[in-house]
Amino acid sequence: MRSAARVVATLATAGLLATGVGAISNVTRSGRYLYNADGTRFFIKGIAYQTQGDVSTDPNNPFLEPSTFVDSLADGAGCTRDLPFLQQLGVNAIRAYSVDASLNHDSCMNTFSQAGIYTIIDLSLPVNGSIDRASPAWSTNLLDLYLETINAFSKYDNVLAYNVGNEVVIAANGTAAAAFIKAAARDTKSYLTSIGSSALVGYAAIDADDSWLVPFANYLSCDTTGQNSGATALDLFGLNNYEWCGDAQPSAYADKNGAFAGYNIPAYFSEFGCITSPPRLWTEVATMFASPMTDIWSGGLAFSYFPATSSQGQFGMVTISSDNTTVTTSDDFTRLQAEYGNVTFVNSPSAPGSTTFPSCPTANSTFLASQSLPPTPNDNSCNCLESSLACQFTPTTSNTSAIVGPLLDTACGLLGQVNGNCDAIAADGAAGTYGPVSFCNPSIKLSYVMDQYYEATNRVATSCSFGGNATINSQAPSAASASAAASSCLSNPDATFVPSPPATLSGSSPTGSSSGSGSSGNKDNGASTLSNKEAMMGMVLATVFSVAGGLFALA
Ligand SMILES: *[C@@H]1O[C@H](CO)[C@@H](O)[C@H](O)[C@H]1NC(C)=O
Ligand SMILES: *[C@@H]1O[C@H](CO)[C@@H](O)[C@H](O)[C@H]1NC(C)=O
Ligand SMILES: *[C@@H]1O[C@H](CO)[C@@H](O)[C@H](O)[C@H]1NC(C)=O
Ligand SMILES: *[C@@H]1O[C@H](CO)[C@@H](O)[C@H](O)[C@H]1NC(C)=O
Ligand SMILES: *[C@@H]1O[C@H](CO)[C@@H](O)[C@H](O)[C@H]1NC(C)=O
Ligand SMILES: *[C@@H]1O[C@H](CO)[C@@H](O)[C@H](O)[C@H]1NC(C)=O
Ligand SMILES: *[C@@H]1O[C@H](CO)[C@@H](O)[C@H](O)[C@H]1NC(C)=O
Ligand SMILES: *[C@@H]1O[C@H](CO)[C@@H](O)[C@H](O)[C@H]1NC(C)=O
């Protein structure tokens, strides 16, 4: 660590650099590269920027995935404090893993914009705000969360990209979830287009075995229609890559260079900076920003500015004083600064190459996702359905994350006993089959199943209790017309359309707390992500329950 005196001197020097800069230019994608407004290539030379939330020490959470988050982009004083250090590093982009749409981000976003720093914003949140890798769905609650976050950030000119997920898939057996990620990209992309935003749509992948990572990457950038359409393709593929450890050689990247040599959209390292052979030298930077890697990749984001604990050890390049006013940099910071300071952006190749969207990889035993994607989640359908149900989930707590899973287990089990099933709420990304209620939020799915049981038992009052969690809806249609009413709400369950945020999203938001808490179902990572193969062996904290031959896990 540097002495405090040194830090003060550094701050003063850096402050001189913070001179006025013109409006930050739009970065666009053409083919597999990113371009500045003047037509030169754009490279991400960035750093992860997110104070780490609470890290559960649960033995079932070997990734040490955070269960809460701190929205660093809502901390204006913190961003002002950190700007000189980000400028010393010479970064042009930061990545924020979790943001709270109900908070004000003006100060941070404007501070960074004026300094020419772009932001990459992850739309997902810890625990129940991301696609559940153990039981994936693309549902109204996630879509609404994503749109709400986009609405909070669309007024800023320095959002480079929105990520629709981070490390959702961590092993070949979970690749069916790619269908839901691709649907999330499709709907996010069409929404951005509808509001006139030129921000890109990205995803950050765990590094992994090429036998599934390569088809996975190709699938997220492919066209399902055979008409060279990018409608379901990402704009930007991130790889969380920690292959270069210590003072490695360029051959460390030979395999991934080969795997992405012919890729059709921009790819970059959404995280890099291996800590297993300390000290970190950051000598990979010179390799990443030179040929041949610049033909294949568009830069990367060092992990991480703030301290971040992981199962591999401690990341982070600065420490913040307990009163949040002072930054102390480490030697790690100084070395990255030297390496980043040496980077000259190349401007070749001058043409983007192919701008086509290839056909999608065929599913096989190591890549499971169907090219039949889930539909656009439809709030109106789900709300209509819920109001038509004669038995409804009426929790006595607003924190439903912990009880929905066990209650679905119970309700689907009971339904099975009366020859019913939970197929309507199930989504299967491998088969490409999506039940008509599968895009509804977990609470409405539960209401639907409770109601199915209530109807199957001829509306006997005791069938609509579930330990005090369900209530009979006296406004519902009669039993004779119940089925028709539900069907009319779900008249076009396979539809794809440009989504719009529900009217209720303004004011008190479903994510209005700065902590994305809850305990069941830990999905993709928050601030600390890992790519080592040991971590990939880990289990996911999810409420998994089996019903009549199917496996369901909802949070
Ligand atoms: C960037 O693109 C947006 C949306 O297309 C546009 O409104 C804005 O003026 C552009 N910014 C610059 C600096 O050209
Ligand atoms: C994948 O396999 C691991 C064990 O290797 C298991 O724990 C996990 O639940 C499986 N995931 C899925 C989505 O089947
Ligand atoms: C599945 O297909 C991918 C290419 O899409 C390939 O890399 C992988 O080896 C294939 N797996 C098997 C088991 O054939
Ligand atoms: C410092 O900032 C963190 C969030 O980054 C916050 O949780 C904490 O309360 C702050 N401490 C003080 C003394 O302001
Ligand atoms: C920066 O580049 C110069 C000239 O190529 C080289 O001599 C120096 O070692 C480099 N420094 C770092 C930290 O890579
Ligand atoms: C996550 O759970 C909390 C607590 O139940 C809820 O308020 C919030 O809406 C949920 N978020 C999503 C995206 O489902
Ligand atoms: C609701 O369901 C949960 C989970 O099964 C259970 O713990 C609780 O006792 C039930 N009743 C009420 C009133 O919350
Ligand atoms: C929701 O309930 C879970 C499990 O009881 C708990 O861990 C979590 O802190 C709760 N979240 C909120 C916002 O109260």
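Counting starts at 1 for both ligands and their atoms, following the listed order. The structure displayed is predicted, hence computed values, not measured ones. Nothing fancy with the numbering, it's 1 onward along the sequence.
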**Report entry** Pair S72-Q50, side-chain donor/acceptor within less than 3.5 Å
**Finding:** no
Query raised in the report: For the Cys pair C489 and C382, is the SG-SG distance shorter than 2.5 Å?
Result: no
**Report entry** Close-contact set for ligand 6 against N399 heavy atoms, below 4.0 Å
**Finding:** 4 (C), 5 (O)
Query - With L368 via side chain to side chain contact (heavy atoms under 4.5 Å, CB included) - residues at least two apart - result: T175, A176, A430
Query raised in the report: Going by atom types only, do D100 and H105 share a side-chain donor-acceptor pair under 3.5 Å?
Result: no
Requested in this report: Enumerate the atoms of ligand 6 whose separation from the nearest heavy atom of N128 is less than 4.0 angstrom.
Outcome: 1 (C), 2 (O), 3 (C), 8 (C), 10 (C), 11 (N), 12 (C), 13 (C), 14 (O)
Pairwise, report which nitrogen or oxygen atoms of ligand 7 are under 3.5 angstrom from protein nitrogen or oxygen atoms, and how far apart they are.
| from | atom 1 | to | atom 2 | distance (Å) |
| --- | --- | --- | --- | --- |
| ligand 7 | 2 (O) | N469 | ND2 | 2.3 |
| ligand 7 | 11 (N) | G467 | O | 2.5 |
| ligand 7 | 11 (N) | N469 | ND2 | 3.0 |
| ligand 7 | 14 (O) | N469 | OD1 | 3.3 |

Requested in this report: Classify the angle between the aromatic ring planes of F180 and Y434 as parallel (below 30°), tilted (30 to 60°) or perpendicular (above 60°).
Outcome: perpendicular
Query - Flag for D187-T376: side-chain donor and acceptor within less than 3.5 Å - result: yes
Query - Contact check, S398 vs ligand 6, heavy-atom distance below 4.0 Å - result: yes
Report task. Return the orientation label for the Y146 and W138 ring planes: parallel under 30°, perpendicular over 60°, tilted otherwise. Result -> tilted
